[in-house]
**Student:** 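Pasting a structure below so you can have a look.
In what follows, every chain begins at residue 1, and chains take the letters A, B, ... in the order their sequences are listed.
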Protein chains: 2
Amino acid sequence: MLEWLKEPELNFPDQITAGFEHGVCVGQIQAKAGLTQSTVSEYLSILQRAGFIESKRVGQWTYYKRNEGAFEALSKLIQSNL
Amino acid sequence: MLEWLKEPELNFPDQITAGFEHGVCVGQIQAKAGLTQSTVSEYLSILQRAGFIESKRVGQWTYYKRNEGAFEALSKLIQSNL
DNA sequence: TTGACATATCGGGAAAAGTCGATATATTTG
DNA sequence: CAAATATATCGACTTTTCCCGATATGTCAA
């Protein structure tokens, strides 16, 4: 999922509601993942708590997008401690 | 354990048999880890199969040391794909 | 070759992670 | 407000991972 969210336009061409400035909504991710709605929702919330993605509620949809800063920080941490 | 093996002289001052050119022996790692011999042995063999450490049998001892190349490769992979 | 020591492998139980269906909550529309 | 839709949460079950004791293998020294 994190890979997918690197290029939302490419990986979620079916998302019609507006643009991708807020990210991708749960339903789109679920469809692509082939897991149940509850599993995907929980997974996304874990990633969010870990700081890797951010969410924005817009109407009845929740959009998730990557928090690139977290990945940069992790990359540096890994580089210096691995 | 991987952290420990970055500085064997510092982390395993009790190892007396020769130097550290071959790495650290299982018993030393086990003592520091506080896990059973079998657990540590299995763990080390997993890390070896994954390519992160190398082993050298010297007499009745098996010495393990980090394979820095694997860590560099992983670091690059993470950097470019994260 | 036998006994002592170091390590490896095996089988199983406990803990953690992954996944699901059912249901709750939130939002929009009529 | 009621129905429809999207997402979140809960409890249970399954799968995977972790860790152990017992035992096997390999090596050294007497």
Side-chain angles (χ1 to χ4, degrees), chain A residues 1-5 8-9 11-67 70-71 74 78 81-82, chain B residues 1-5 8-9 11-67 70-71 74 78 81-82:
Chain A
M1 292 181 197
L2 295 171
E3 286 282 321
W4 295 341
L5 290 175
E9 299 85 350
N11 292 304
F12 302 97
D14 294 351
Q15 173 158 307
I16 39 172
T17 55
F20 291 96
E21 60 282 359
H22 299 313
V24 180
C25 72
V26 180
Q28 291 291 316
I29 298 172
Q30 189 218 325
K32 195 173 176 86
L35 296 167
T36 64
Q37 186 271 323
S38 63
T39 298
V40 173
S41 176
E42 186 183 3
Y43 190 17
L44 289 170
S45 87
I46 290 170
L47 289 174
Q48 184 186 21
R49 258 175 279 138
F52 292 115
I53 57 179
E54 300 166 344
S55 75
K56 170 143 185 105
R57 181 106 199 196
V58 177
Q60 45 191 161
W61 294 280
T62 306
Y63 295 89
Y64 286 97
K65 69 174 175 187
R66 284 168 59 103
N67 174 10
F71 287 94
L74 178 60
I78 288 170
N81 293 324
L82 213 58
Chain B
M1 292 180 196
L2 295 172
E3 286 282 322
W4 295 341
L5 290 176
E9 300 86 348
N11 292 304
F12 302 96
D14 294 351
Q15 173 158 308
I16 38 173
T17 56
F20 291 94
E21 61 282 357
H22 299 314
V24 180
C25 72
V26 180
Q28 292 291 316
I29 299 171
Q30 189 218 326
K32 195 171 176 90
L35 297 168
T36 64
Q37 186 271 323
S38 63
T39 298
V40 172
S41 176
E42 186 183 3
Y43 190 17
L44 290 171
S45 86
I46 290 169
L47 289 174
Q48 184 186 20
R49 257 175 280 138
F52 292 115
I53 56 179
E54 299 167 344
S55 76
K56 171 143 185 104
R57 181 107 198 197
V58 178
Q60 45 191 161
W61 294 279
T62 305
Y63 294 89
Y64 284 97
K65 69 174 176 186
R66 283 169 59 106
N67 175 9
F71 288 94
L74 177 61
I78 288 170
N81 294 323
L82 212 59

**Student:** Roughly how many Å is it from CD in A:Gln30 to P in D:dA6, rounded to a whole number?
**Tutor:** 11 Å

**Student:** Determine whether a donor-acceptor pair (N or O, by modelled atom type, separation under 3.5 Å) exists between the side chain of A:Arg49 and the backbone of A:Gly51.
**Tutor:**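 It does not hold such a pair.
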
**Student:** Could you state the CD1-C1' distance from A:Ile29 to D:dA8, rounded to the nearest angstrom?
**Tutor:**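 Interatomic distance, CD1 of A:Ile29 to C1' of D:dA8: 14 Å.
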
**Student:** Summarise how protein sits on nucleotides 15-24 of chain D as a single string, 5' to 3': B when a protein heavy atom is under 4.0 Å from the base, S for sugar-phosphate-only contact, - for no contact.
**Tutor:** ----BBBB--

**Student:** Scan nucleotides 25-30 of chain C nucleotide by nucleotide, 5' to 3', and note B when protein non-hydrogen atoms come under 4.0 Å of the base, S if they reach only the sugar-phosphate, - if neither.
**Tutor:** --BS--

**Student:** Measure the distance from CZ on B:Arg49 to C1' on C:dA8 and round it to the nearest whole Å.
**Tutor:** 11 Å

**Student:** Taking 4.0 Å as the cut-off, does a side-chain nitrogen or oxygen of A:Thr62 come that near to OP1 or OP2 on D:dA8?
**Tutor:**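 Result: yes.
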
**Student:** Quick one: pull up OH in A:Tyr64 and CD in A:Gln28 and give me the separation to the nearest 0.5 Å.
**Tutor:** 14.5 Å

**Student:** side-chain contact (heavy atoms from CB on, under 4.5 Å) for A:Leu5 and A:Asn11? Distances and angles first, verdict last.
**Tutor:** CA-CA 8 Å; A:Leu5 290 175; A:Asn11 292 304; over 6 Å; no

**Student:** Students often mix this up, so state it plainly: with edges at 30° and 60°, are the rings of A:Phe71 and A:Phe52 parallel, tilted or perpendicular?
**Tutor:**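 It falls in the tilted class, 30° to 60°.
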
**Student:** Any side-chain to backbone donor/acceptor pair from A:Gln30 onto A:Leu35? Under 3.5 Å, distance only.
**Tutor:**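 Yes.
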
**Student:** Between A:Lys32 and A:Asp14, is there a side-chain heavy-atom distance shorter than 4.5 Å?
**Tutor:**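 The answer is no, as the side chains (C-beta and beyond) never meet within the 4.5 Å cut-off.
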
**Student:** With heavy-atom distances below 4.5 Å as the criterion, would you say the side chains of B:Ile53 and B:Leu2 are in contact?
**Tutor:**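 They are in contact (side-chain heavy atoms under 4.5 Å apart), so the answer is yes.
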
**Student:** Once you round it to whole Å, what is the distance between P of D:dT9 and CG of A:Leu44?
**Tutor:**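 Answer to the nearest Å: 12 Å.
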
**Student:** Counting just side-chain N and O atoms, does B:Tyr64 come under 4.0 Å of either OP1 or OP2 of C:dA8?
**Tutor:** yes

**Student:** Restricting to non-hydrogen atoms, name the atom on A:Gln48 and the atom on A:Ser55 that form the minimum distance, rounded to 0.1 Å.
**Tutor:** NE2-OG, 2.8 Å

**Student:** When the distance from NZ of B:Lys56 to P of C:dT7 is rounded to whole Å, what number comes out?
**Tutor:** 15 Å

**Student:** Using whole Å, what does the distance between atom C1' of nucleotide C:dA16 and atom CD1 of A:Ile46 come to?
**Tutor:** 12 Å

**Student:** Keeping B:Gln15 on the side-chain end and B:Val24 on the backbone end, is there a donor-acceptor pair under 3.5 Å?
**Tutor:** no

